[in-house]
Amino acid sequence: MELMDAIRMRKSYRKTFKPTPVPEADLKEILEAAVAAPSGCNTQTTRFIAVSDPELAHKLASIYNKPWALTAPAAILLLSKETPSYHGNSYHLQDYSAAAQNILLAVTDKGYGTAWIEGQIEGEKAEQMGGLLGVPEDLTVVIYMPLGIPEEEATGVQKMPMEERAWLNGYGKTF
Ligand SMILES: Cc1cc2nc3c(=O)[nH]c(=O)nc-3n(C[C@H](O)[C@H](O)[C@H](O)COP(=O)(O)O)c2cc1C
């Protein structure tokens with residue numbers, strides 16, 4: 001798939017998945033996209049776990065506790081921690097966000113569906129997921145992505161018109 005096609009096609013998927021397992025080779029390539037992402041001062045603060053075992057994916061989905069996610073045969077988790085770079089700032093939020101977007105595009109490219117689940121797992125659920133996966137205490141599960149082949153069309157959300165958000169050669173100057 002062309003990169004711009006993946007960018008245009010990507011949508012959060014929160015519906016039923018087919019039970020077909022996601023091959024390890026696909027998960028590996030998706031995580032290759034993740035580790036290729038930029039990071040502040042190249043600190044590479046994000047860690048990743050791919051889950052190919054449908055039983056384990058189901059356990060994670062039970063913690064998240066949404067019916068659509070329970071059908072996901074696989075999952076990807078992003079782990080992060082605050083890590084000051086050489087001048088003191090921590091760019092860990094930006095780092096894992098950049099990696100997450102690379103993952104979403106690679107997932108779209110391969111014909112899978114997923115959603116960036118962050119706000120809904122923050123705190124106790126993230127801790128439980130980390131415990132289940134043996135994540136060291138200094139790292140936090142920051143994003144959970146249930147993953148699989150979509151059984152339905154993604155709904156998609158309304159985006160603001162480009163001319164209200166993006167301009168050429170100055171604020172408010174339309175393309
Ligand atoms: C920082 C961040 C946190 C998010 N957390 C959640 C979440 O907890 N649950 C969820 O269903 N979607 C979550 N999303 C997905 C957004 O709801 C979604 O990207 C947005 O509605 C736009 O839809 P689209 O992804 O189809 O373009 C999150 C996205 C971002 C960037």
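Values reported hereafter were calculated over all heavy atoms of this structure, with side chains retained and with hydrogens, waters and symmetry mates removed. Predicted, not measured: the structure shown is a model, and the values here were computed from it. Order of appearance sets the numbers: ligands from 1, and atoms from 1 within every ligand.
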Should G119 be counted as touching ligand 1, given the test is an N or O pair under 3.5 Å?
yes

Closer than 4.0 Å and a protein heavy atom, does any atom meet both conditions relative to atom 3 (C) of ligand 1?
yes

Mind checking whether I103 and I143 have side chains closer than 4.5 Å, heavy atoms only?
no

Y13 (side chain) donor-acceptor with E152 (main chain) under 3.5 angstrom:
yes

Would a distance-only check, ignoring hydrogens and angles, find a side-chain to backbone donor-acceptor pair under 3.5 Å from T114 to P146?
yes

Out of Q101, E118, K81, which one pairs with Y96 under the side-chain hydrogen bond (donor to acceptor under 3.5 Å, both in side chains) rule?
E118

Go through ligand 1 atom by atom and flag the ones less than 4.0 Å from a non-hydrogen atom of R10.
24 (P), 25 (O), 27 (O)

Judged by heavy atoms only, the candidate from A69, S97, S12 nearest atom 18 (C) of ligand 1 is S12

Measuring from atom 28 (C) of ligand 1, which candidate in Y96, Y64, Y144, W116 has the nearest non-hydrogen atom?
W116

Shortest protein contact, atom 23 (O) of ligand 1 (heavy atom only):
V157 CG2, 3.4 Å

If hydrogens are left out, which of E122, Q120, K66 has an atom nearest to atom 8 (O) of ligand 1, that is, the closest non-hydrogen atom?
Q120

Is the ring pair W167/Y171 parallel, tilted or perpendicular, if the boundaries are 30 and 60 degrees?
tilted

Would you mind finding which of K159, Q101, K11, Q158 brings a heavy atom closest to atom 27 (O) of ligand 1?
K159

Interatomic distance, CE@M129 vs CG@L79, rounded to 0.5 Å, equals 11.5 Å

Between Y144 and Y64, how do the two ring planes meet: parallel, tilted or perpendicular, split at 30° and 60°?
perpendicular

What's the shortest distance from atom 16 (C) of ligand 1 to any protein heavy atom, and which residue and atom give it?
R14 NH2, 3.6 Å

Could you tell me whether E118 and ligand 1 have an N or O pair separated by under 3.5 Å?
yes

